[in-house]
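Below is one structure; the comments refer to it alone.
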There are 2 protein chains.
Amino acid sequence: MSDLVKQTHGSHGSCSIEQALGLVGDRWSLLVLRDCFRGLRRFDEIRRDLGIPRAVLADRLRRLVDAGILSRRRYSDHPPRDEYRLTQMGRELSPILVALMHWGDRWLQVGDPPTVLIHSACGEPFDLGFHCTHCAVDFGPLEVASRQSEAILP
Amino acid sequence: MSDLVKQTHGSHGSCSIEQALGLVGDRWSLLVLRDCFRGLRRFDEIRRDLGIPRAVLADRLRRLVDAGILSRRRYSDHPPRDEYRLTQMGRELSPILVALMHWGDRWLQVGDPPTVLIHSACGEPFDLGFHCTHCAVDFGPLEVASRQSEAILP
DNA sequence: CTAGGTCAGTTCAGGAATCGAACCAAGTCC
DNA sequence: GGACTTGGTTCGATTCCTGAACTGACCTAG
């Protein structure tokens, strides 16, 4: 299996969003990572949970390990067995999963969302928000604009 | 063209992350939406910027409009021309793009990241963070855990 | 020691999605 | 009229994903 990364389509090949999506922007990677956040570590645990084809999971795990998002760790020599854990780089993906989850909760009206991520200190759900150090205020997603063009109004 | 959504792979078909990825979890949708945040509105503007095949862009725009993330708006009758704008549902995707951008900036060492998103009130970049109302504290991505299993330590 | 099961994959054939290139229609510019 | 723009559609070739079967190393029960 191969690229998944599009080096420079268009004028913004260096955009961090494109770089990030090159690593985790396919249909399965973020779901695999969600399972890692849920504590799943073994090939077959993840495979059964997601229903992902074995070949694709093997490929995605290889890719995520190569990228430094997961680490492969031997937990048994006889038989040889590895498990996969989030590195710090991987754990810092949590804002992306949280943002996806909050947006899905808000707009896709799933009846009873299985709350996935919580504040580790207290076990409660939490908010995700923006903070402007320049203005010293918190704000919401509608106050986000772009430097190239301010015009995002509807 | 068809699904892209996997209804119920595994035991968590109702997970908001899965639902959200079913709409924007392919290789192009989030890049299209990034361009919308940057102020691009026309088919050919986006196509040229991303280098996306026309058929794929037409399909993604249709899908995003159907989902309510973009709106199609006629701006010329002769010739008939439409433009695409973010709805509120679409603009509330900004935390996902911001999270991807921040993570990419931090871990993918792009030399000189073209800063895409800013606080509309002041034009400056901003932070994205978690806030726990229960504990009344702000915290970072490493303090995120899962309700099913607390064990995300490395 | 043999049958069956687990775990972590690889291999393979078929189908689906994506790709670039070509084409089209409706209008504008000159 | 001829060239150009915009917003697509259609086409064949390639690439990717999928499910099913297979492997290999080990473990357990009988």
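Naming convention: chains lettered A, B, ... in sequence-line order (proteins, then strands); numbering from 1 in each chain.
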Notebook entry, point to check: Separation of Ile46(B) atom CD1 from dT6(D) atom C1', in whole Å?
Noted result: 13 Å

Item checked: Closest listed nucleotide, where the reference is the side chain of Arg54(A) and the choices are dT9(D), dT10(C), dC7(C) -> dT10(C)

Check: For Arg62(A) and dA8(C), is the shortest distance between a side-chain N/O and OP1 or OP2 below 4.0 Å?
Finding: no

Check: Checking salt bridge (Lys or Arg N to Asp or Glu O under 4.0 Å) for the pair Asp44(B)/Arg54(B): CA distance, chi angles, key distance, verdict?
Finding: CA-CA 9 Å; Asp44(B) 246 45; Arg54(B) 294 164 183 281; 3.7 Å; yes

Check: Out of dT10(C), dG7(D), dT18(C), which nucleotide sits closest to the side chain of Arg42(B)?
Finding: dG7(D)

Next item on the list: Look at the side chain of Phe43(B) and decide which nucleotide, out of dG7(D), dC17(D), dG9(C), has an atom nearest to it.
Entry: dG7(D)

Checklist line | Asp26(A) and Arg63(A): CA distance, side-chain angles, deciding distance, salt bridge (Lys or Arg N to Asp or Glu O under 4.0 Å) verdict | finding: CA-CA 12 Å; Asp26(A) 67 293; Arg63(A) 188 195 303 286; 5.6 Å; no

Note to self: Distance alone, cut at 3.5 Å: any donor-acceptor contact between the side chains of Arg72(B) and Tyr84(B)?
What the structure shows: yes

Notebook entry, point to check: Over how many whole Å does the gap from Ile52(A) atom CD1 to dC17(D) atom P extend?
Noted result: 10 Å

With 3.5 Å as the limit, what N/O pairs link the protein to nucleotides 12-15 of chain C?
none

Notebook entry, point to check: Does the separation of the ring centres of Phe139(A) and Phe126(B) fall below 6.0 angstrom?
Noted result: yes

Note to self: Can you identify which nucleotide, out of dC19(C), dC17(D), dT10(C), has its nearest atom closest to the Trp28(A) side chain?
What the structure shows: dC17(D)

Notebook entry, point to check: Would you say the side-chain atoms of Ser94(B) pair up with the backbone N or O of Val144(A), donor to acceptor, closer than 3.5 Å?
Noted result: no

Check: Between atom CD in Glu45(B) and atom C1' in dG7(D), what is the gap in whole Å?
Finding: 13 Å

Next item on the list: Consider only side-chain N and O atoms of Trp107(B) and Glu92(A), and report whether a donor and an acceptor are under 3.5 Å apart.
Entry: yes

Notebook entry, point to check: Atom CG of Leu57(B) and atom P of dG20(C): how far apart are they, to the nearest Å?
Noted result: 13 Å

Item checked: Euclidean distance, atom CG of residue Asp26(B) to atom P of dC19(C) [Å, nearest integer] -> 10 Å

Note to self: Please determine whether salt bridge (Lys or Arg N to Asp or Glu O under 4.0 Å) holds for the pair Arg62(B) and Asp66(B), giving the CA-CA distance in whole Å, both sets of side-chain angles, and the decisive distance to 0.1 Å.
What the structure shows: CA-CA 6 Å; Arg62(B) 231 188 329 266; Asp66(B) 288 351; over 6 Å; no

Notebook entry, point to check: Which nucleotide in the list dG8(D), dG9(C), dC19(C) gets nearest to the side chain of Tyr84(B)?
Noted result: dG8(D)

Next item on the list: Whole angstrom is fine here: how far is it from CG in Asp82(A) over to C1' in dG9(C)?
Entry: 11 Å

Notebook entry, point to check: Just to confirm, is there a sub-4.0 Å distance from OP1 or OP2 of dG9(C) to any side-chain nitrogen or oxygen of Arg60(A)?
Noted result: no

Item checked: Euclidean distance, atom CZ of residue Arg47(B) to atom C1' of dT9(D) [Å, nearest integer] -> 14 Å

Taking only N/O atoms, report every protein-nucleotides 24-26 of chain D pair under 3.5 Å with atom names and distance.
unit_1, atom_1, unit_2, atom_2, d
dC26(D), OP1, His78(A), ND1, 3.3

Checklist line | Value in whole Å for how far the C1' atom of dG9(C) lies from CG of Asp44(A) | finding: 10 Å

Check: Quick one: side-chain contact (heavy atoms from CB on, under 4.5 Å) partners of Pro125(A), sequence neighbours excluded?
Finding: Thr115(A), Arg147(B)

Check: Which heavy atom of Trp28(B) sits nearest a heavy atom of Pro53(B), and at what distance?
Finding: CZ2-CD, 4.3 Å

Next item on the list: Scan Val32(A), Leu40(A), Leu57(A) and name whichever one has a side chain to side chain contact (heavy atoms under 4.5 Å, CB included) with Leu50(A).
Entry: Val32(A)

